[in-house]
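Data first, discussion second: the structure below is written as structure tokens.
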Amino acid sequence: MTDFSMKRDFGPTPNYPRVKEFKRKQDVFFCLAGPCSVESDTQIRSIAKVVAAAGATHLRGGLFRAGTYPGQVFGLVEPTLIKAFYDAAKDCGLKTVIEILDYHPAMMEKIWNYADCFQIGCRSMQNYSLLKIAGMSGKPVFLKRSQGGTIDEFLGAAEHLLSAGCQNLCLIERGSSGTAKHVRWDLSISMIPAVKAITEIPILVDPSHGTGRRDLVIPMAKAGIAAGADGLLVEVHPAPEQSISDADQAIDFNSFNELMKQINIMRRLPK
Ligand code: PEP
Ligand code: MN
């Protein structure tokens with residue numbers, strides 16, 4: 001088969017041997033669910049309960065966030081929310097995923113005991129110092145593709161994590177900026193099988209950021225799973241339109257339950 005990832009007329013030759021050699025220990029289905037921003041103890045507890053009952057594996061919630069524009073809701077609304085987030089997850093048997101924005105010791109100290117896993121957001125995909133620290137941390141890492149990242153840049157970032165020692169890595173396709181006017185970001189479904197043709201590193205689909213539209217979350221989640229995704233990242237909120245960030249893309253509890261029902265049916269189909 002033609003190796004499209006290697007087609008280059010100029011620039012450095014793509015180089016990600018560890019990515020290509022990566023051997024998956026087992027097939028695991030990942031479902032990272034939660035609010036764009038953790039807003040209150042009540043909010044996160046109600047979300048944790050619902051998503052755990054529907055089959056989520058991880059609670060992910062924005063505690064530290066990177067936004068496109070200054071003045072959007074950033075960072076931690078209240079410091080006590082890190083512990084509330086963690087307790088809500090543990091009470092429901094979920095692992096926690098927290099995005100790390102920088103590698104300052106103060107940041108690490110704040111979240112170390114509460115993060116089962118680290119998320120590298122799309123805006124940090126090529127922050128190689130951050131990748132090195134995350135890779136050295138010993139924690140599982142979820143790496144999101146940047147909004148314009150090519151497959152080589154994405155897998156190059158994964159290689160940075162693996163060469164720093166990361167043992168548990170998952171990739172996430174979260175859409176690109178583009179010319180489309182019908183979505184905020186344009187989910188690249190083809191990225192999923194294209195990545196899987198090169199590496200066994202699990203790759204998840206994020207139909208929430210990948211569209212920016214709640215009405216497209218279920219169909220695009222299903223499209224991602226049909227294309228071979230090993231799981232999904234979905235933003236869920238008890239009252240989506242009141243979400244303090246990414247309100248247009250959050251889905252409510254009923255929709256999340258429906259989504260998981262449909263995904264479970266798809267997962268039982270022969271591959
Ligand atoms: C997120 O998943 O919480 C997030 C902020 O996504 P992204 O980095 O893809 O914008
Ligand atoms: Mn968000």
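Index from 1, following the sequence. Atoms within each ligand, like the ligands themselves, are counted from 1 in listed order.
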Students should be able to answer this: which protein heavy-atom is nearest to [atom], and at what distance?
atom	answer
atom 3 (O) of ligand 1	Arg60 NH2, 2.3 Å
atom 9 (O) of ligand 1	Arg174 NE, 2.6 Å
atom 6 (O) of ligand 1	Lys144 NZ, 2.9 Å
atom 8 (O) of ligand 1	Cys122 N, 2.9 Å
atom 4 (C) of ligand 1	His209 NE2, 3.5 Å

Min side-chain heavy-atom separation [X]-[Y] under 4.5 Å:
X	Y	result
Ile201	Lys196	no
Glu258	Asn254	no
Arg60	Gln119	yes
Phe64	Ile82	yes
Asp246	Arg184	yes

Name whichever N, O or S atom of [X] ends up nearest to the Mn ion (ligand 2).
X	result
Glu235	OE2
Asp246	OD2
His209	NE2

- For ligand 1, is there an N or O atom under 3.5 Å from any N or O atom of Asp206?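 So ligand 1 has no N or O lying under 3.5 Å from an N or O of Asp206.
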- Is there at least one pair of N or O atoms, one from Glu99 and one from ligand 1, spaced under 3.5 Å apart?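 It does not: no N or O of Glu99 is found under 3.5 Å from an N or O of ligand 1.
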- State the atoms of ligand 1, each with its element, that fall below the 4.0 Å cut-off from a heavy-atom position in Gly121.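 The atoms of ligand 1 under 4.0 Å from a heavy atom of Gly121 are 8 (O).
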- Message: Using ring centroids (six-membered ring only for Trp), state whether Phe142 and His58 fall under 6.0 Å.
- Response: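 Yes, the ring of His58 comes within the 6.0 Å limit of the ring of Phe142, centre to centre.
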- Message: For Gln147, state whether at least one heavy atom is located under 4.0 Å from any atom of ligand 1.
- Response: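 In this structure, Gln147 fails to qualify as a contact of ligand 1 - no heavy atom is under 4.0 Å.
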- Query: Are the side chain of Ser40 and the backbone of Gln43 linked by a donor-acceptor contact shorter than 3.5 Å?
  - Reply: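 Yes; judged by distance alone, with no hydrogens or angles, the pair exists.
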- Would you give the length of the straight line joining atom CD of Gln126 to atom NE2 of His160, rounded to the nearest 0.5 angstrom?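 Reported to 0.5 Å precision, the distance equals 8.5 Å.
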